[in-house]
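The next block holds one structure in the form of structure tokens; read it before the comments.
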Amino acid sequence: MQAFPSFVQMSYSFRMTSEWWRTAAIYQIYPRSFADANGDGMGDLAGITSRLGDLHDLGIDAIWLSPFYTSPQRDAGYDVTDYCDVDPRFGTLADFDAMVAEAHARDIRVIVDLVPNHSSDQHVWFQAALAAAPGSAERARYLFRDGHGTAGGLPPNNWESVFGGPAWTRVTEADGMPGQWYLHLFDSSQPDFDWTNEVVREEFRRILRFWLDRGVDGFRVDVAHGMIKADGLPDYTPPTAGGSMGGAGGVTADALHDTVGTDATGVALEPEISDEAGDGAPYWAQDGVHEIYRDWRALLDEYPGERILAAEAWVDPLSRVAKWVRPDEMHQAFNFAYLETPWDAAALRTVIDASLDAFGAVGAPSTWVLSNHDVVRHATRLSVTEPNPQGHGLGPRSAGLPSYAPGLRRARAATALMLALPGSAYLYQGEELGLPEVIHLPDDARQDPTWFRTAGERYGRDGCRVPLPWEGSAPSYGFGPSDASWLPQPAQWAELARDQQRGVAGSTLSMYRDALARRREHGLASGSVEWLTGYPADVVALRNGDVIVVANTGSTAIELPAGDVLLTSEVLADRALAPDTTAWLRA
Ligand code: NOJ
């Protein structure tokens, strides 16, 4: 057993003591955009600590922090140089300890991001690899290969980076000549580790222990489907262009609609979701990843307090994602099939059934998520009328852009449905304020490597990462004490700021707060789904315990059933449930 710093032992007094992760509402903090304590325009750990009271009021159970580690920030911190330190932009290890202590004192658990697929090219190991010779132990920690063609001038295979362009970059050797190539599934500044190398495995055990010893409650594992590549690194051409974030194609709206029919209630028959591109990609979802997670699970289980692993695995179908959460592997996997489901009753019933079936089959909870730092915010996304492959983002030249109010209305209805489902729910900072995707960012403000690697063809993910508004009339809308903000904030942030919504009946913030409170009171997260009949096909109607949930995805109002109204996503004048509205009633 480990020796624990005393603050770790003292800080455990949670109301949820057993398998908390099965039902937790987990709030994603994107540190650079959450709250800025020192006024440099970049969020920081001290800023997070100062705002934990607001998250406690919201009613969440845990926070997940995107990376705050030492990093040149070529991919907003998903390019790490020191896995065991805090980047000075975000603070210090002492700031981290203070944040964890404050979170635990408020019954909020802390999950940190782990980025094991790749490091930064500035990592000491990669710099050593560049200085060393082909075939050296230093190079063996990454995936260096000789090129093909005359003098090795062609890349070792045809793989493409998720961010666009080739997945290989050629290095210059010590003699000044062009030399080997290294693999980077993401940006060229993010070289992939070779996870067949035991030295890499041992280093990550050390990193896990470092943060566990500091008291973290778990890890969100970045690119958890990509760490092992097929032997021989064979050529591969994905069947579809674009795709998801490190993705096996994800689940498309078409795939979800591709059912063989519906029963009398509109429930889709054969809820299996088709596998678009996951099978066959020699860099995603290789069986070898699972022994790594079994190893990590055993390590986490040595620690008290139910520390968890959550997989970012863009794999489909869901029955395949469930392999990541078998009893001796991870605790949770993100449900990206749910995130990618359109606002369509049949598709929603299908994906909810498929999720509960797939995760339930291995004894894991389903998770639910609608937004994160890689996707168009759902206040915009669910109403976009033209195809928009995940990761491409939205900007002024994009087609099918929705207007704000109808988009928000649909998003609120979608959230109210999601928070009624059994399992663990993920929220992304700012969605509780109804923030839309920021479309009109100036080109020269954009920072996502996707934007640069595609020469502006894809806008990328900056539009969902704009710093949060806290006070409508303060500089930087209260993001920090100055008016600095690493991405420009739109004027609309004034009315959407938290202080404008706090305690206001009908505000998005009030709806989230009420939904999280009712979810807890009625035990919805540990309940089950029973589909209700007798509703139009474009209405999702279910019972979870003593709560009836009705979500109207259609274009006609419907009469609510009998029962006290517990929650509505819009203020209702009477018992008519308008389009794009969700209601919870006491059964
Ligand atoms: C997934 C992360 O969520 C994303 O932001 C990042 O760019 C890639 N993995 C690469 O680490």
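Note that ligands are numbered from 1 as they come in the structure, with each ligand's atoms numbered from 1 the same way.
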#### Entry: Candidate pair Thr415 and Tyr512, rule side chain to side chain donor-acceptor pair (under 3.5 Å), full reasoning
CA-CA 8 Å; Thr415 298; Tyr512 269 75; 2.9 Å; yes
### Query
Would you call Arg377 and Glu431 a salt bridge, using N to O less than 4.0 angstrom?
no
### Message
Show the atoms of ligand 1 that are less than 4.0 angstrom away from any heavy atom in Arg461.
### Response
4 (C), 5 (O), 6 (C), 7 (O)
### His118 and Phe193: CA distance, side-chain angles, deciding distance, ring-ring contact (aromatic ring centres under 6.0 Å, His included) verdict
CA-CA 5 Å; His118 46 262; Phe193 285 117; 8.2 Å; no
### Query
Would you say Asp194 and Tyr142 make side-chain contact, with heavy atoms under 4.5 Å?
no
### Message
For Tyr30, which part has a heavy atom under 4.0 Å from ligand 1: side chain, backbone, both, or neither?
### Response
neither
### Atoms in ligand 1 flagged as close to Val223, the criterion being non-hydrogen separation under 4.0 Å
9 (N)
### Query
Side chains of Leu348 and Trp343: does their closest heavy-atom pair fall under 4.5 Å?
yes
### Task
Could you see which bit of Arg465 sits under 4.0 Å from ligand 1, with heavy atoms only: side chain, backbone, both or neither?
side chain
### Task
Please state which part of Gln28 comes within less than 4.0 Å of ligand 1, counting heavy atoms only: side chain, backbone, both or neither.
neither
### Query
Contact between Arg220 and ligand 1, counting heavy atoms under 4.0 Å?
yes
### Query
Which atoms of ligand 1 sit under 4.0 Å from any heavy atom of His118?
10 (C), 11 (O)
#### Entry: Non-hydrogen side-chain atoms of Glu160 and Thr237 separated by less than 4.5 Å
no
